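Keep in mind that this is a model prediction, so the values were computed, not measured.
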Amino acid sequence: MKRILTIWMLLMLVLVSTYAMAETAVDTSAVMTQVVIWVLCGVLTALGAVATWVAKSYIIPWMKDTVVPWLKQHKLLEAAKTAVEYAEAQLGRYTGDEKWSLALSLIDKLGFDISDETVVAALKAKWKELDLAQVAAGIKDTLESKEET
């Protein structure tokens, strides 16, 4: 606190002496304009420091806790969807085991650990999603309709 008061008193001393000298040699409006500019620069610098502290203390930890895991999950789901759709497009219908191994090899090439349960679960979920989309489009029959015929 003493340091702040010392700085404030020195600033006032400089302002008063500058004003006293400016009365004889310089237009006072130019001096006051410079003082206002320097004060505004100081205020803006302080606001920038506070904004940086807020970002470092609150925003970055929040992003690490919520945004980064969501992005990892989203990346896994998009990779699984791409692998399943590619396997379906390459091998066609009635080749389930070959499509599964192709999807696993594609997801492995993308850098995911295929022994991880979440990777296998994502592949199975996207596989089922594609299966249901084909049933809804009328391309594929459901198991119940196959058993009835």
Euclidean distance, T95 OG1 relative to Q90 CD, rounded to 0.5 Å: 10.5 Å
Heavy-atom closest contact (L77 atom, A122 atom, distance): CD2-CB, 3.9 Å
Single-linkage hydrophobic cluster L91~I107, side-chain heavy atoms < 4.5 angstrom: no
Euclidean distance, D113 CG relative to T118 OG1, rounded to 0.5 Å: 8.5 Å
Pair E129 + K126: basic N to acidic O under 4.0 Å: yes
From L40 atom CG to L47 atom CG, the distance as rounded to the nearest 0.5 Å: 10.5 Å
Set of ring pair (Phe, Tyr, Trp, His ring centres under 6.0 Å) partners for W53, sequence neighbours left out: Y58
Polar side-chain atom of K99 near backbone of V84 as donor-acceptor pair, under 3.5 Å: no
All ring pair (Phe, Tyr, Trp, His ring centres under 6.0 Å) counterparts of W100, not counting sequence neighbours: W127
From V39, V35, T33, residue fulfilling side-chain contact (heavy atoms from CB on, under 4.5 Å) relative to I37: T33
Residues forming a ring pair (Phe, Tyr, Trp, His ring centres under 6.0 Å) with W70, sequence neighbours excluded: H74
Cluster overlap W38 with L11, hydrophobic side-chain contacts below 4.5 Å: no
Atom pair CD1 (I114) and CG (L104), whose distance is rounded to the nearest 0.5 Å: 5.0 Å
Enclosure of D65 CG (heavy-atom neighbours >12, cutoff 6.0 Å): yes
Spacing of NZ belonging to K75 relative to CD belonging to Q73, to within rounding of 0.5 Å: 13.5 Å
Co-membership, hydrophobic cluster, residues I59 and V67, 4.5 Å side-chain: yes
Residue pair A87 / L102: nearest heavy atoms and the distance that separates them: CA-CD2, 3.6 Å
Nearest atoms (heavy-atom pairs only) where L123 meets A103: CD2-CB, 4.2 Å
